[in-house]
2 protein chains.
Amino acid sequence: MASNLLAKNKHTILYAVALALLLFLLKWLELKLIIVDNAYEIYMGAIAVFFTVLGIWLALKLTKPKTVVVEKQVYVNNGPKFIINQTEVEKLGLSKRELDVLQLMAEGLSNQEISERLFVSLNTIKTHSAKVFEKMEVKRRTQAVEMGKRLSIIP
Amino acid sequence: MASNLLAKNKHTILYAVALALLLFLLKWLELKLIIVDNAYEIYMGAIAVFFTVLGIWLALKLTKPKTVVVEKQVYVNNGPKFIINQTEVEKLGLSKRELDVLQLMAEGLSNQEISERLFVSLNTIKTHSAKVFEKMEVKRRTQAVEMGKRLSIIP
DNA sequence: TTCGGGCTCATACTTTAGGGTGATTTTGGA
DNA sequence: TCCAAAATCACCCTAAAGTATGAGCCCGAA
């Protein structure tokens with residue numbers, strides 16, 4: 001505990017001790033030079049310069065380390081907010097039902113599963129999907145899904 | 001040109017002038033206090049403290065402007081940069097080739113087209129895709145693609 | 001009311017996808 | 001060097017997807 005405190009404030013303590021020593025030195029110099037009493041100006045100048053330098057040194061040492069420039073890229077994951085691109089839907093001429101089918105396709109459902117989900121027959125789904133492919137000018141459901149995502153027609 | 005130089009170094013010049021003034025003050029104080037010649041210690045201490053503070057102040061002022069923390073909030077809206085989730089790939093145990101196939105699947109290619117793209121036979125692609133489905137625990141390519149996108153395995 | 005588009009469903013057929021099995025060759029690492 | 005995993009390919013069979021065509025129903029606009 002005590003050693004911990006010592007360690008943490010060791011810089012401050014070091015500076016305090018150094019300052020005390022310097023004050024002693026100053027006193028000694030004063031006593032020494034008091035004899036040569038005509039050296040006032042030099043003495044004063046030396047003191048001034050010395051303590052100025054000391055101040056600068058102290059400030060530089062005790063100042064917090066320079067803040068480093070951190071360019072942090074916070075990439076927001078765009079959240080779950082999906083806004084369907086109605087314009088594209090109309091441009092393609094997709095009907096509501098066709099959009100439903102496309103959506104379920106994108107979730108990886110088979111035609112059979114889609115038909116069950118929508119309470120219609122498998123054949124109906126086939127018809128819808130065929131129309132979707134035709135309107136989107138694609139050949140496969142995977143392509144339709146890919147294009148649908150690119151056009152923001154589906155999440 | 002000359003005014004430019006003046007402007008650029010105006011701080012330095014200002015400090016120099018201030019320092020000169022202070023030296024004059026010092027001289028004046030010296031002359032004044034020389035009479036009261038028993039005030040040496042106080043005088044010295046004052047000088048020391050004053051110049052220390054001056055030094056600290058100088059250091060703080062002259063120090064390069066603290067590097068400003070540029071908090072760059074670049075929120076990438078779904079940016080075009082895709083970083084593959086290697087962790088998930090390893091978790092699933094997908095091999096390089098399997099990943100290739102999955103990627104091309106996601107682009108909407110048929111097995112035939114994928115085989116042509118990768119210069120292998122259709123059967124090979126079938127084998128790869130079967131392994132992909134098995135490892136991803138899905139039944140169809142559309143599901144594999146959907147899951148792949150969710151896990152950031154594919155763009 | 002007529003007409004067209006959307007939705008539904010069906011039948012028949014072709015193509016593609018996927019499952020299962022087995023085999024050979026490459027290759028990266030112990 | 002030797003092994004395990006990866007990669008390659010083949011065959012057979014079933015399931016699902018996709019194509020083509022036709023038809024009935026409903027609703028809203030002309």
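Source: prediction; values computed, not measured. Chain letters run A, B, ... following the sequence lines, proteins first and then strands; every chain starts at 1. The figures that follow rest on heavy atoms only: side chains count, while hydrogens, waters and symmetry mates do not.
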Ion pair B:Glu88/B:Lys91, N-O distance below 4.0 Å: yes
Spell out protein contact along nucleotides 10-30 of chain D as letters: B when the base is contacted, S when just the sugar-phosphate is, - when no protein heavy atom is under 4.0 Å; keep the 5' to 3' order. BB-----BBS-----------
Using a strict cut-off of less than 4.0 Å between a Lys/Arg side-chain nitrogen and an Asp/Glu carboxylate oxygen, indicate whether B:Glu113 and A:Lys139 qualify as a salt bridge. no
The helix from C:dT1-D:dA30 to C:dA30-D:dT1: angle between end helix axes, five pairs per end, rounded to 10 degrees: 50°
B:Val120 side-chain proximity, nearest of C:dC9, C:dG6, D:dC9: D:dC9
Provide, to the nearest angstrom, the distance between the CZ atom belonging to B:Phe119 and the P atom belonging to D:dT8. 12 Å
Between D:dT8 and B:His128, is there an OP1 or OP2 to side-chain N/O distance shorter than 4.0 Å? yes
Report the distance from atom CG of B:Leu94 to atom P of D:dA6, rounded to the nearest whole Å. 10 Å
Between CD1 of B:Ile125 and C1' of C:dG18 the distance, given in whole Å, is 14 Å
Indicate the atoms forming the closest heavy-atom contact of A:Ala144 with A:Phe133, along with that distance. CB-CE2, 3.8 Å
To the nearest Å, how far apart are B:Lys96 NZ and D:dA7 C1'? 11 Å
From CD1 of B:Ile114 across to C1' of C:dT16 the rounded distance in Å is 12 Å
What is the distance from CD of B:Glu134 to P of C:dG18, rounded to the nearest Å? 14 Å
Value in whole Å for how far the C1' atom of D:dA5 lies from CD of B:Glu98: 10 Å
